[in-house]
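All of these numbers come straight from a predicted model, not from anything done at the bench. In the text below, chain A, chain B and the rest are named by the order of the sequence lines, each starting its count at 1.
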Amino acid sequence: MTEESKNLPTNFIKEIIDRDLEQGKNDGRIHTRFPPEPNGYLHIGHAKSIVLNFGIAKEYNGLCNLRFDDTNPIKEEEEYINSIIEDVQWLGFDWEDRLFFASDYFEQLYKLAEQLIKSGDAFVCDLTAEQIRSYRGTLTKPGTDSPYRDRSVAENLDLFRRMRGGEFPDGRRVLRAKIDMALPNLNMRDPVLYRILHATHPRTKDSWCIYPMYDWAHGLEDSIERITHSLCTLEFEDHRPLYDWCLVKLGVYHPQQIEFARLNLSYTILSKRKLLELVQEDMVSGWDDPRMPTISGMRRRGYTAAAIRNFCERIGIAKKDNIADMALLEYYVREDLNKTAPRVMAVLNPLKIVIDNYPEGQVENLPAVNNPEDPAAGNREIPFSRELYIEQEDFQEEPHKKFFRLAPGKEVRLKHAYIIKYERVVKDEQGNIKEVHCTYDPDTKSGGVNADRKVKGTLHWVSKMHSLEAEVRLYDRLFATANPNSVAEGTDFKSNLNPDSLKVITAQVEPGLKHVRAGDRFQFLRRGYFCVDIKDSNGGKLVFNRTVSLRDSWARIERMKLR
RNA sequence: UGCCGGGUCGUCUAAGGGUAAGACCGCGGCCUUUGGAGCCGUUAAUGGUGGUUCGAAUCCUCCCCCGGCAGCCA
């Protein structure tokens, strides 16, 4: 792992842990968990939680479990379980033999519910969902006791057992905690603990028709696993009193819940519900569409696990609502890929160049360094010949004064090859540039006698007769606005989708790319980082995804010009 | 408007009664056979008020603003 070690921020959770350790709490044991619900794919926001939980375990010599909180069979699927396992692993974390499922605890949870009934702290309620809602009161008005609140322990027990036995249809009855309908915290107004759901669970199949609610299940799962610090996001803050209530009433081991602010990222959304919507409405190609902020999408886009980890560590942990800058994430991919990605030449928008004084039919194989940041990456050879492609944007007939590329009267270096000089341009009837003729200086071959002659610009290129065609998918941010969730009345986040988030082009790439493997990452010189698509690239067709462009100071100059 | 939680550079995060710091972004420069990378420099912040104190981002008062909560979701 290439973790960045300098100046990483501390956080309030570590301070709590330090204090607990000083006080000898839990015998100095630190045990966390990452508890996803398998109702969608993991995204970068989950990565923040994963890095936090596994990171704390590692730092304090503790343990971190991977636990599926699979208590709602209606929304959960095996596909999601598998993808989550793959993603956490890919991110570089190891739960060893501690892969758990809430569903494995269903029997224990049920027994504890009976215990709660026996102590008079829970009752079976026959109110409908709508009735429960209206009995609950409002934010400012207290609720009203359910008419079933004072059933006897025996009757509650009998009814609850019959609920489990499948005697009642969905929604007919629920088990509720008996707390206080007048409490200002709505979660404490006799919350539902179990509901009837005749649904097939991905793991327990049809063995249950009652399922525990989050508030009942989660603290008990933590307790069963002897979790010391149960880290969750801010929206569960109001649930902590209930988390604590359940554990205290049962008299079981009591983990400490601590809440932190979830991640928001500019120009994207991090809501499983909304991401699902994009998938279901075909606004993206799937959960792993390279534009998606999902771990699988980012992986397919070419992001590295190290880049994601470094980002998560840098943004820190606090309780303040935040929107992290996409530019920071991009900084970390570039940082990682700069060190590791082999350089290669690819012309995205080809313009034909003819070297008039280069012998027809001649081919030279020129040595090229694979990665100037990594000497161990070695060299390769690339063919040079009379007809080449360069980028259309690297030639201007009437150049801006700071344009250091090919233009009338100008010379440029072709990377790894020669210095060439503009001679003339050939246009079609419409006046479009067809090709540019140049001459080369044979003495300026890279490594040769006049090779160190200074020219202002260096261009990448490919040999026309040797280059390979490749499909290149130019991805841009999924949303056009920094905060897609802020929308005008009557529209939703989808109105902020960026119509230009994907542009597919046909590029010409150097011949050595013929034998790439799925997932290989490269820097296309002067263009950005690209990776071989893991789904659509194969022997017959090369497909590259743009991970991120290079920082581009020319683009900045162009922008300044517009102002 | 009941309860809970938050307000520090443009962004994210530190500083826990003693010089408001770091990262990203931006800007400027150096360097460069990638206008990449690297290196150097730099702009920029404590929501307001009153108080305690030699000294307040930090403690107290009042106010303002933002977020969450009325699923048989998690």
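Annotation: side chain of A:E364 is in contact with side chain of A:K445 (closest heavy-atom distance under 4.5 Å). The shortest side-chain heavy-atom distance between A:I420 and A:E411 does not fall under the 4.5 Å cut-off.
Listed pair A:K415 / B:G36 fails the phosphate criterion, with no side-chain N or O lying under 4.0 Å from OP1 or OP2. One finds no side-chain N or O of A:R273 lying less than 4.0 angstrom from the OP1 or OP2 phosphate oxygen of B:G71. Residue A:R195 places at least one side-chain N or O under 4.0 Å from the OP1 or OP2 atom of B:A74. For A:K141 and B:G2, the shortest distance from a side-chain N or O to OP1 or OP2 is not below 4.0 Å. Between A:T71 and B:C73 there is no side-chain N or O to OP1 or OP2 distance below 4.0 Å. Distances shown here put every side-chain N or O of A:R189 at or beyond 4.0 Å from the OP1 or OP2 atom of B:A70. Applying the 4.0 Å criterion to OP1 and OP2 of B:G28, one finds that A:R556 has a side-chain N or O inside that range. OP1 or OP2 of B:U32 has not a single side-chain nitrogen or oxygen of A:R413 nearer than 4.0 Å.
Nucleotides B:G50 and B:A44, compared at atom C1', are 29 Å apart to the nearest Å. For the C1' atoms, the distance from B:U46 to B:C3 is 28 Å, rounded to whole Å.
Contact annotation: side chain of A:S446 to base of B:U33, donor-acceptor pair present below 3.5 Å.
For A:K319, whose side chain is taken as the heavy atoms from C-beta onward, the closest listed nucleotide among B:C69, B:A14, B:G6 is B:G6.
A cation-pi arrangement is absent between A:R67 and A:F100, since the terminal nitrogen or guanidinium carbon is not both under 6.0 Å from the aromatic centre and inside a 45° cone about the axis. With a 6.0 Å cutoff to the six-membered ring centre and a 45° limit on the axis angle, A:R405 does not count as a cation-pi contact of A:F395.
Here the C1' atom of nucleotide B:G36 and the CZ atom of A:R527 are 13 Å apart, to the nearest Å.
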